[in-house]
Amino acid sequence: HPGLGDERYGHVPTNRYFEEKHGLDRSFVHLVRIEVAHPRTGQHMIMESTLPGDLRSALLRASGDTDAALIAATDAHRQVLELGEQAPPGVRLYAEQQHAATLSAVGRAADAEPVLRVARDRAVALRGAGSGIATGLTWALADAEIELGKFDLAVVELRQLLEVSEDFKGANRAAVH
């Protein structure tokens with residue numbers, strides 16, 4: 001079976017959808033529990049880990065549970081903010097994207113807009129303007145600006161999408177939007 005988000009074994013259209021719609025820009029793989037024998041003592045060891053905030057938020061958003069997704073995304077975003085510059089840029093990006101997208105999903109466009117802008121700029125810097133996550137964040141930012149009545153700003157975002165569209169279909173979507 002294809003792995004969600006996996007570049008080699010994943011299903012490309014599904015991966016692209018989850019990257020643009022739910023911010024999943026990595027493999028959805030997580031080891032929840034492992035039991036091993038200690039290599040020297042032979043003692044039975046059990047290690048467990050909860051699902052990381054970015055994966056939990058993407059899963060909850062995809063399932064439609066926006067309230068739980070908002071709690072998970074807000075918690076992950078808070079933890080990244082507390083880490084400050086110690087947080088790797090990719091982790092910061094995932095947390096920002098999940099938080100902003102979840103805020104948008106619950107109708108809080110005014111709160112989402114500044115987070116979307118920061119996340120989009122970080123995505124462009126890390127992955128490039130034409131990457132799936134940068135494209136998805138640009139769409140979300142334009143939607144938030146439209147919802148807030150900031151039409152001039154939305155036009156700028158949509159023009160940027162036209163510039164990085166790799167195919168006719170993508171350019172048409174940006175132009176129609």
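Rounded to the nearest 0.5 Å, atoms CG (L103) and NE2 (H77) are 8.5 Å apart. Expressed to the nearest 0.5 Å, how far CZ of R120 lies from CG of L93 amounts to 12.0 Å. Atoms OG1 and CD, from T74 and Q98 in turn, are 11.0 Å apart once rounded to the nearest 0.5 Å. Put simply, OG1 on T138 and CD on Q160 are 6.5 Å apart, with the number rounded to the nearest 0.5 Å.
Applying the side chain to side chain donor-acceptor pair (under 3.5 Å) rule to R122 yields the partners E96; only residues at least two apart in sequence or on another chain are considered. Applying the side chain to side chain donor-acceptor pair (under 3.5 Å) rule to E82 yields the partners R78; only residues at least two apart in sequence or on another chain are considered.
Judged by distance alone, the side chain of T41 and the main-chain N or O of Q43 form a donor-acceptor pair under 3.5 Å. Remark: the backbone N or O of G128 is paired with a side-chain donor or acceptor of S131 at under 3.5 angstrom. No donor-acceptor distance shorter than 3.5 angstrom exists from the side chain of E157 to the backbone of A142, with no hydrogens or angles considered.
Under the 4.5 Å side-chain criterion, counting only non-hydrogen atoms from C-beta, R92 is not in contact with Q97. Using a 4.5 Å heavy-atom threshold, the side chains of L158 and L141 count as separate. Contact of the I133 side chain with the L137 side chain is registered, since non-hydrogen atoms from C-beta on lie closer than 4.5 Å. You'll find the side chain of L116 reaches within 4.5 Å of the side chain of S104, heavy atoms only. Contact annotation: the side chain of I46 approaches that of H44 to within less than 4.5 Å [non-hydrogen atoms, C-beta and beyond].
Environment of CZ in R159: sparse, with no more than 12 heavy atoms of neighbouring residues, nucleotides or ligands closer than 6.0 Å. Counting non-hydrogen atoms of other residues, nucleotides and ligands closer than 6.0 Å to CD of E7 gives a total of 12 or fewer.
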Residues E113, E145; criterion side chain to side chain contact (heavy atoms under 4.5 Å, CB included); working and verdict: CA-CA 7 Å; E113 182 196 19; E145 290 166 343; 3.6 Å; yes
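Side-chain heavy atoms closer than 4.5 Å link hydrophobic residues (I, L, V, M, F, W, Y) into clusters, and following such links, even through other members, never connects L153 to L161.
The two residues V124 and A134 have their closest heavy-atom pair at CG2-CB, 4.0 Å. T102 and A73 make their closest contact through OG1-CB, 3.7 Å (heavy atoms, listed as atom of the first residue, atom of the second, distance). Nearest heavy atom pair, residue T135 against residue G130, reads OG1-O, 3.8 Å. Shortest non-hydrogen contact noted between A76 and A95 is O-CB, 4.0 Å. Summarising the geometry of N15 relative to G3, their closest heavy-atom pair is OD1-O, 4.0 Å, with the distance given to 0.1 Å. Closest approach of A100 to A112, counting heavy atoms only: O-CB, 3.5 Å.
Ion pair R108/E147 not flagged as a salt bridge, since none of the NZ, NE, NH1 or NH2 atoms sits closer than 4.0 Å to an Asp/Glu carboxylate oxygen.
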